[in-house]
Amino acid sequence: MDFVLEYGLYNVGDKPAQKVTIDDRHSFPTNSFEIVKGLLHVHYEKIPAGSNVTHSVVIRPRAFGFFNYTAAQVTYYTDNENLHVTLTNTPGEGYIYRQREYDRRFAPKYTYFIVFFLIIAPTTFGSFLLFQQSKSRFPVIIKKKTT
């Protein structure tokens, strides 16, 4: 299945962030992931003070098994000469399942429930019919109390 990566940049300072770049190419190399939509290296000229920017990328894994997700690097300038380098948060190590294994573990089991009900229905319905038949054969007689 495809992964959707969403990056949110929030400028909480009182100065605009200039020449902002997000670089996550080292986290998702092209030999392990295929980029379906978006870019892993993005540049914004300016993010005003008190505003935010979001960016999304859709990637598809090419390999299966454990994978270590690392942080993306964000660089920006507050003034023309002060360079700041920060890292995003990272989920750490994760497991990428094959599609068949993912369906077996996490997909809804509707077919199993339908087969179960089809197997159980004749015995339940047969018991109900026998109950109705015996009920009609032996009606319930209610005796009234006399005083």
Side-chain angles (χ1 to χ4, degrees), residues 1-140:
M1 295 179 65
D2 296 343
F3 289 134
V4 178
L5 307 172
E6 185 169 302
Y7 304 95
L9 298 176
Y10 304 94
N11 187 355
V12 294
D14 55 352
K15 295 180 182 177
Q18 299 173 0
K19 299 179 183 175
V20 181
T21 59
I22 303 171
D23 188 7
D24 208 8
R25 293 178 288 190
H26 61 280
S27 299
F28 301 99
T30 56
N31 60 349
S32 298
F33 293 93
E34 172 188 353
I35 298 173
V36 177
K37 188 174 183 180
L39 298 171
L40 290 173
H41 186 269
V42 182
H43 178 75
Y44 297 101
E45 197 58 42
K46 184 177 181 181
I47 299 175
S51 65
N52 60 10
V53 174
T54 59
H55 175 70
S56 297
V57 179
V58 179
I59 59 173
R60 183 174 297 140
R62 293 182 179 174
F64 306 104
F66 283 101
F67 190 79
N68 189 14
Y69 303 102
T70 59
Q73 184 178 13
V74 179
T75 59
Y76 63 96
Y77 290 92
T78 53
D79 298 326
N80 286 335
E81 62 253 0
N82 293 338
L83 174 66
H84 299 277
V85 179
T86 61
L87 298 174
T88 62
N89 56 354
T90 177
E93 190 174 80
Y95 189 79
I96 300 172
Y97 292 96
R98 285 179 163 59
Q99 184 67 38
R100 186 174 180 174
E101 185 179 351
Y102 178 83
D103 290 340
R104 183 178 56 82
R105 289 188 70 174
F106 302 111
K109 311 289 191 273
Y110 295 126
T111 55
Y112 295 120
F113 288 118
I114 290 170
V115 169
F116 174 75
F117 287 126
L118 289 175
I119 291 172
I120 298 300
T123 58
T124 306
F125 189 64
S127 299
F128 178 72
L129 288 178
L130 288 174
F131 169 73
Q132 288 295 334
Q133 187 180 12
S134 68
K135 188 175 167 184
S136 65
R137 240 188 236 169
F138 305 105
V140 177

query: How many angstroms lie between CG in Leu39 and CD1 in Ile22, if you round to the nearest 0.5 Å?
result: 10.5 Å
- prompt: How many angstroms lie between CG in Leu40 and OH in Tyr7, if you round to the nearest 0.5 Å?
  reply: 5.5 Å
- prompt: Which residues pass the ring-ring contact (aromatic ring centres under 6.0 Å, His included) test with Tyr77, sequence neighbours left out?
  reply: none
- line: Nearest heavy-atom approach of Ile96 to Ala63 is CG2-O, 3.7 Å
Approximate separation, where rounding is to 0.5 Å, of His43 NE2 and Thr21 OG1: 7.5 Å
message: Ignoring hydrogens, what is the shortest heavy-atom contact between Pro16 and Pro48? Give both atom names and the distance.
response: CB-CA, 4.1 Å
- request: Tell me, please, which residues at least two apart from Asp23 pass salt bridge (charged side-chain N to carboxylate O under 4.0 Å, His left out).
  value: Arg25
- prompt: Just one of Ile120, Leu118, Ile114 clears the side chain to side chain contact (heavy atoms under 4.5 Å, CB included) bar with Phe116, so which one?
  reply: Ile120
query: For Tyr97, which residues count as a ring-ring contact (aromatic ring centres under 6.0 Å, His included) partner, sequence neighbours excluded?
result: Tyr95, Phe106
- request: Measure the OH-NE2 distance between Tyr44 and His55 for me, rounded to the nearest 0.5 Å.
  value: 5.5 Å
field: Atom CZ of Arg62 with >12 non-hydrogen neighbours under 6.0 angstrom
entry: yes
statement: Which of Thr88, Thr86, Val85 passes side chain to side chain contact (heavy atoms under 4.5 Å, CB included) with Gln73? It is Val85
task: Hey, can you tell me if Phe28 and Phe33 have their rings parallel, tilted or perpendicular (30° and 60° cut-offs)?
output: perpendicular
query: Where do Ala71 and Ser27 come nearest, in terms of heavy atoms and distance?
result: O-OG, 3.5 Å
message: How close do Ile47 and Ser51 get, counting heavy atoms only, and between which atoms?
response: CG2-OG, 3.6 Å
task: Indicate the atoms forming the closest heavy-atom contact of Ile35 with Gly38, along with that distance.
output: CG2-O, 3.3 Å
message: With rounding to the nearest 0.5 angstrom, report the CG to CG distance, Leu5 to Asp24.
response: 7.0 Å
message: Using a 6.0 Å cut-off, check whether atom CZ of Phe64 has over 12 heavy atoms from anything other than its own residue.
response: yes
Asp103 side, atom CG; Lys109 side, atom NZ - distance, nearest 0.5 Å: 8.5 Å
query: So do the side chains of Glu45 and Gln18 get within less than 4.5 Å of each other, counting heavy atoms only?
result: no
